[in-house]
Amino acid sequence: MKALIAPSLLSSNFAKLGEEALSIIEKGADWLHMDVMDGHFVNNLTIGAPVIRSLRQFIGEKPYLDCHLMVSDPLKWVDDFAKAGASMITFHLEAVTNIDTIINKIKEHNIEVGISIKPNTDVDLLIPYLDKIDMALVMTVEPGFGGQKFMQNMMPKVSKIRKLKPNLNIQVDGGLSLETIEIAARAGANVIVAGSAVFKSENPQKVISGLREITEKFMKQEN
Ligand SMILES: O=C(CO)[C@H](O)[C@H](O)COP(=O)(O)O
Ligand SMILES: [Fe+2]
């Protein structure tokens, strides 16, 4: 397991998404976190598979596109996002009735699969699926918008998953910054999404390396 820093392109300049993506990789990003919103599951509209396809063509095959689907019917979009070049599809537990069906459909494309839970969702609902997925995403804001306040009270969910799965990627998303990272890292998160903290900073490189350093520090203490 590694510390992985995944800047959210939601806070980048969408008019030059390709350049923003390459530039943030250059500055140390491990993954590119792509927030897909349908205006229905959440109260905001962002991007769909055509944007992922163009981005993939622009950045080449190597960069890891971590696609966070905040949509009402994720099963419907799996083929499109996989073909567009997603490296991972994370869907919301709350949006799906047959969880196994969508996990299997994502895996059929030989890409990774994550499941996300919103702040009001009980972590125990996610636990039966932990052996079948590559990543658990614990939302630390109400999904829909960047720039919100980190919800520290989500940390017991992270700790519970970490206790059960010492080697599973656990992602936290929402309000992560150099101020809040220690709390998340102590709880056991190792995949760190940060949108505004990275893109609104004058020194994104320093923010990325700081996030990584603190995450790694607490991963070592766990061992
Ligand atoms: O999924 C998201 C919102 O639903 C975003 O990934 C998240 O909000 C990142 O932005 P920030 O770091 O600014 O909170
Ligand atoms: Fe996200």
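Numbering of ligands and ligand atoms starts at 1, following listing order. What you are looking at is a predicted structure, and each value in this text was computed from that prediction instead of being measured.
- The existence of a salt bridge linking R53 and D80 is excluded, since no basic side-chain nitrogen approaches an acidic carboxylate oxygen closer than 4.0 Å.
- The contact set between ligand 1 and H68, taken as ligand atoms under 4.0 Å from a residue heavy atom, comprises 1 (O).
- The atom of D35 nearest to the Fe ion (ligand 2) is OD1, with the search restricted to N, O or S atoms.
- Across S12 and L9, no two heavy atoms sit closer than the pair OG-O, 2.6 Å.
- The atoms of ligand 1 that sit less than 4.0 Å from any heavy atom of H33 are 6 (O).
- Atom NE2 is the N/O/S atom of H33 found closest to the Fe ion (ligand 2).
- When only non-hydrogen protein atoms are considered, atom 10 (O) of ligand 1 lies nearest to G146 CA, 3.6 Å.
- Closest non-hydrogen pair, M219 versus M1, comes out as CE-O, 3.5 Å.
- Considering just the N/O/S atoms of D173, the one nearest the Fe ion (ligand 2) carries the name OD2.
- No hydrogens or angles considered: nothing links the side chains of S159 and K163 as a donor-acceptor pair under 3.5 Å.
- For ligand 1, one of its N or O atoms has an N or O atom of G147 under 3.5 Å away.
- The shortest N or O to N or O distance between M70 and ligand 1 is not under 3.5 Å.
- Inspection of the D35 and S8 side chains reveals an N or O donor paired with an N or O acceptor under 3.5 Å.
- For atom 12 (O) of ligand 1, the nearest non-hydrogen atom of the protein is G195 N, 2.7 Å.
- Residue G144 has at least one nitrogen or oxygen atom sitting less than 3.5 Å from a nitrogen or oxygen atom of ligand 1, judged on distance alone.
- A donor-acceptor contact shorter than 3.5 Å is absent between the side chain of T140 and the backbone of V172.
- Between the side chain of K157 and the main chain of P119, a donor-acceptor pair closer than 3.5 Å is present.
- Summary: ND1 is the N/O/S atom of H68 found nearest to the Fe ion (ligand 2).
- Considering backbone and side-chain atoms alike, G174 places every N or O at 3.5 Å or more from each N or O of ligand 1.
- In summary, the side chains of N169 and N190 do present a donor paired with an acceptor at a separation below 3.5 Å, with no hydrogens or angles considered.
- E216 has no carboxylate O lying under 4.0 Å from a charged side-chain N of R212, or vice versa, which leaves the two without a salt bridge.
- Heavy-atom contacts of A194 reach the following atoms of ligand 1: 12 (O) (cutoff under 4.0 Å).
- Residue contacts with ligand 1 leave out E142, since none of its heavy atoms falls under 4.0 Å from the ligand.
- Nearest protein heavy-atom neighbour of atom 3 (C) of ligand 1: F145 O, 3.6 Å.
- An N or O contact shorter than 3.5 Å links D173 to ligand 1 by distance.
- Ranked by closest heavy atom to atom 13 (O) of ligand 1, the top entry among S196, A197, S8, G175 is S196.
- With hydrogens left out, the protein atom closest to atom 2 (C) of ligand 1 is D35 OD1, 3.4 Å, a heavy atom.
- At most 12 heavy atoms of other shown residues, nucleotides or ligands fall within 6.0 angstrom of atom CD in E213.
- Per-residue contacts place P143 under 4.0 angstrom from the following atoms of ligand 1 (heavy atoms of the residue considered): 4 (O).
- Side chains of D73 and F41 form no contact here, defined as non-hydrogen atoms less than 4.5 Å apart.
- At distances below 3.5 Å, at least one donor-acceptor pair connects side-chain atoms of N203 with backbone N or O atoms of K206.
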